[in-house]
Amino acid sequence: RFPHLLWNCRVLWCMLDILQVLSYSLELDPNEETPVLRIPSSPGYILMLMDTLEARESIVKDFAARCQEIIQEAMKWAPHATRSHLQDYLNQIPSSGLWHHSGLALAMESVLQYTGLNIQSSPLSVSVLGGSSLTFHRSA
């Protein structure tokens with residue numbers, strides 16, 4: 001059952017929401033009292049931020065890398081379900097004038113990077129192409 005978590009809608013969306021909140025934390029003044037941030041559309045999850053901007057940047061960088069790895073693995077095992085969940089994520093983001101949403105950016109980048117541009121067809125494997133000997137005859 002564990003691999004199914006990789007392409008679970010709630011897990012993917014929550015992960016991308018956390019990335020957005022972590023990214024947003026970089027815009028907060030590190031000299032002010034460290035706030036506790038709530039993760040949107042989650043069952044009460046909160047994040048306590050680090051005191052320094054450098055620590056926050058490191059956490060965002062590490063978490064974004066982990067998110068990308070999870071999405072890449074999910075795309076290997078369940079490409080259609082994962083792609084569908086990531087595309088649905090776009091629809092559930094409120095269009096409140098948010099010009100940069102880190103979770104959304106990572107989701108869309110991953111869809112393009114791990115599925116290619118033509119999602120309706122895939123290339124034939126080398127074993128299929130090299131496994132048979134085709135002979136063409138010219139008709140008279």
Side-chain angles (χ1 to χ4, degrees):
R1 286 185 50 100
F2 174 74
H4 293 99
L5 288 177
L6 293 175
W7 58 85
N8 179 283
C9 180
R10 288 183 185 174
V11 171
L12 289 171
W13 287 14
C14 186
M15 177 182 72
L16 296 171
D17 284 344
I18 291 170
L19 180 59
Q20 172 57 24
V21 170
L22 288 172
S23 180
Y24 167 74
S25 76
L26 299 177
E27 299 174 17
L28 301 175
D29 186 354
N31 297 320
E32 293 181 8
E33 184 178 340
T34 305
V36 175
L37 300 176
R38 187 180 145 331
I39 304 300
S41 60
S42 73
Y45 296 151
I46 57 170
L47 288 177
M48 297 179 70
L49 301 176
M50 301 299 285
D51 292 336
T52 66
L53 186 59
E54 293 80 22
R56 292 180 192 177
E57 288 174 347
S58 176
I59 289 170
V60 171
K61 184 178 175 182
D62 290 344
F63 191 76
R66 297 292 171 246
C67 290
Q68 198 163 24
E69 290 170 2
I70 289 169
I71 292 172
Q72 180 180 8
E73 196 64 26
M75 292 297 284
K76 284 183 197 175
W77 290 94
H80 297 293
T82 304
R83 184 175 45 251
S84 176
H85 294 323
L86 294 176
Q87 289 170 341
D88 287 343
Y89 185 71
L90 168 66
N91 296 329
Q92 67 93 26
I93 300 290
S95 58
S96 61
L98 230 106
W99 290 105
H100 180 73
H101 190 289
S102 298
L104 181 60
L106 183 93
M108 292 303 107
E109 177 184 330
S110 297
V111 166
L112 292 175
Q113 181 177 1
Y114 300 120
T115 60
L117 297 176
N118 184 0
I119 61 173
Q120 299 303 321
S121 64
S122 60
L124 295 174
S125 69
V126 174
S127 62
V128 170
L129 292 174
S132 63
S133 173
L134 297 177
T135 307
F136 293 98
H137 299 282
R138 191 172 141 177
S139 59

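Under the 4.5 Å side-chain criterion, counting only non-hydrogen atoms from C-beta, D88 is in contact with W13. For the pair L12/Y89, no side-chain contact is recorded, criterion being any heavy-atom separation below 4.5 Å from C-beta on. At least one side-chain heavy atom of V21 sits less than 4.5 Å from a side-chain heavy atom of P40.
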Would L86 and I71 satisfy side-chain contact (heavy atoms from CB on, under 4.5 Å), going step by step from the backbone distance to the final call?
-> CA-CA 9 Å; L86 294 176; I71 292 172; 3.9 Å; yes

Check the pair I18 / L47 against side-chain contact (heavy atoms from CB on, under 4.5 Å), numbers first and verdict last.
-> CA-CA 8 Å; I18 291 170; L47 288 177; 4.2 Å; yes

Step by step, would you call L37 with I46 a side-chain contact (heavy atoms from CB on, under 4.5 Å)?
-> CA-CA 5 Å; L37 300 176; I46 57 170; over 6 Å; no

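Applying the side chain to side chain contact (heavy atoms under 4.5 Å, CB included) test to T52 and every residue at least two apart in sequence or in another chain returns E54, A55. Evaluation of the side chain to side chain donor-acceptor pair (under 3.5 Å) rule for D51 yields T34 as partners, not counting sequence neighbours. The side chain to side chain contact (heavy atoms under 4.5 Å, CB included) search around L26 returns L53, R56, E57, V60, not counting sequence neighbours. The salt bridge (charged side-chain N to carboxylate O under 4.0 Å, His left out) search around K61 returns none, not counting sequence neighbours. Residues that satisfy the side chain to side chain donor-acceptor pair (under 3.5 Å) test with R66, not counting sequence neighbours, are E69.
Without hydrogens or angle criteria, T82 side chain to A78 main chain gives a donor-acceptor distance under 3.5 Å.
Within a 6.0 Å radius of CZ in F63, other residues, nucleotides and ligands contribute more than 12 heavy atoms.
For M75 against R83, the heavy-atom pair with the smallest separation is SD-N, 4.0 Å. Between L22 and S25, the closest heavy-atom pair is O-OG, 2.5 Å.
Applying the salt bridge (Lys or Arg N to Asp or Glu O under 4.0 Å) test to pairs two or more places apart or on separate chains, none has a residue in residues 29-39.
Annotation: the span from Q20 atom CD to M15 atom CE amounts to 13.5 Å, rounded to 0.5 Å.
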